[in-house]
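Reviewing the structure listed below.
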Number of protein chains: 2
Amino acid sequence: MEDIDYIKENRLEDTGFSYTLNLIGGKYKMQALYAISLNHSPLRYNAMKRLLSPISFKSLTNTLKDLEHSGLIYRKEYPQIPPKVEYGLTDLGKSLIPVLDTICTWGEKQMK
Amino acid sequence: MEDIDYIKENRLEDTGFSYTLNLIGGKYKMQALYAISLNHSPLRYNAMKRLLSPISFKSLTNTLKDLEHSGLIYRKEYPQIPPKVEYGLTDLGKSLIPVLDTICTWGEKQMK
DNA sequence: CAGAATCCTGCGCGATACTG
DNA sequence: CAGTATCGCGCAGGATTCTG
């Protein structure tokens with residue numbers, strides 16, 4: 001059995017690996033999720049923009065929409081003036097935190 | 001202490017999280033590393049191109065160069081005709097596999 | 001304050017052709 | 001086979017303006 005044959009049985013697209021990256025592989029998606037996680041509570045729109053700086057309004061909005069449609073975060077709107085919107089992790093999103101933590105931990109080890 | 005203050009003490013750029021993403025956050029970098037890992041042995045240039053399809057020559061070359069400069073993979077050239085070049089994981093690159101595995105495992109769980 | 005709507009730009013990336 | 005070199009463009013993403 002050759003290298004290539006082995007890989008063929010494990011087509012990259014068929015693995016959970018690609019599945020996950022399709023959900024959080026965007027430019028700011030992991031950072032957005034991790035920012036909420038680090039904060040230990042929901043974040044408001046402008047707070048997220050500051051944290052993900054230099055992200056633009058457009059990218060932030062798109063990122064948040066994608067994550068919401070993927071069921072990883074929820075959007076809670078307070079009907080008041082001035083408006084207030086919070087973004088928090090869903091249970092599914094929370095289940096991703098250990099994954100993001102391993103990324104963080106690996107980096108911390110290398111930085112020393 | 002407010003939400004924001006908490007985050008301020010944990011600036012996203014100062015965490016290992018951003019450090020790691022700077023190394024493997026590119027469009028094909030994680031996939032490239034994981035492809036080598038799945039194969040359990042070094043991969044040749046054209047084999048990688050097939051696996052990362054529809055990647056272009058240019059992107060593949062850049063991806064491999066970046067990963068090599070980051071010390072995550074090594075490049076071994078066999079001086080023969082026709083040429084043969086293999087890309088494998090360095091020890092540092094191997095240390096990332098558990099991280100990539102958690103990404104894969106999470107995805108597999110969701111796919112069911 | 002939290003976006004939506006426009007316009008605009010760079011450059012990431014692909015396609016193709018060529019070489020040792 | 002494993003790349004480089006060149007060209008060109010699509011579209012992700014930025015900047016700005018406007019609104020409930």
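First the proteins, then the strands, lettered A, B, ... as listed; each starts at 1.
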ask   = CG of N46(A) versus C1' of dC1(C): gap in Å, rounded?
value = 6 Å
query = Which class fits the ring pair Y45(B) and F57(B): parallel under 30°, tilted 30 to 60°, perpendicular over 60°?
reply = parallel
message = Base, sugar-phosphate or nothing for Y78(B)? Non-hydrogen atoms, less than 4.0 Å.
response = nothing
query = With a distance cut-off below 6.0 Å to the six-membered ring centre and an angular limit of 45° from the axis, does K76(A) pair with Y87(A) as a cation-pi contact?
reply = no
key: Gap between atoms CD1 and P, on I55(B) and dG3(D) respectively (whole Å)   = 13 Å
ask   = Separation of N62(A) atom CG from dG14(D) atom P, in whole Å?
value = 10 Å
inquiry  = Does either side chain, that of Y34(A) or that of D101(A), offer a donor lying less than 3.5 Å from an acceptor on the other one?
reply    = yes
request  = Mind checking T61(A) for me? I need base, sugar-phosphate or nothing, with any heavy atom below 4.0 Å counting as a touch.
outcome  = sugar-phosphate
request  = Starting at atom OH of Y28(A), determine the distance to atom C1' of dA12(D), rounded to an integer number of angstrom.
outcome  = 10 Å
Donor-acceptor contact below 3.5 Å, side chain T20(A) vs main chain I103(B) = yes
task = Could you tell me the separation between the CG atom of L60(B) and the P atom of dC13(C), rounded to a whole number of Å?
result = 12 Å
ask   = Can you tell me if the side-chain N/O atoms of R44(B) get under 4.0 Å from OP1 or OP2 in dA2(D)?
value = yes
note = When rounded to whole Å, the CE to C1' distance for the pair M48(A) and dA2(C) reads 13 Å
message = Is there a side-chain contact between R75(A) and the phosphate of dA2(C), meaning an N or O under 4.0 Å from OP1 or OP2?
response = no
request  = Take atom NZ of K84(B) as the centre, draw a 6.0 Å sphere, and report whether it contains more than 12 heavy atoms from other residues, nucleotides or ligands.
outcome  = yes
message = Base, sugar-phosphate or nothing for K65(A)? Non-hydrogen atoms, less than 4.0 Å.
response = sugar-phosphate
ask   = OP1, OP2 of dG3(C) versus side-chain N and O of Y87(A): anything below 4.0 Å?
value = yes
request  = Grab the CD-P distance between E86(A) and dG3(C) for me, whole Å please.
outcome  = 11 Å
query = Between K27(B) (NZ) and dC11(D) (C1'), how many Å, whole number?
reply = 11 Å
ask   = Reckon K58(B) touches a base, only the sugar-phosphate, or nothing at all at heavy-atom distances under 4.0 Å?
value = base
ask   = Closer than 4.0 Å, any side-chain N/O of S59(A) to the OP1 or OP2 of dG13(D)?
value = no
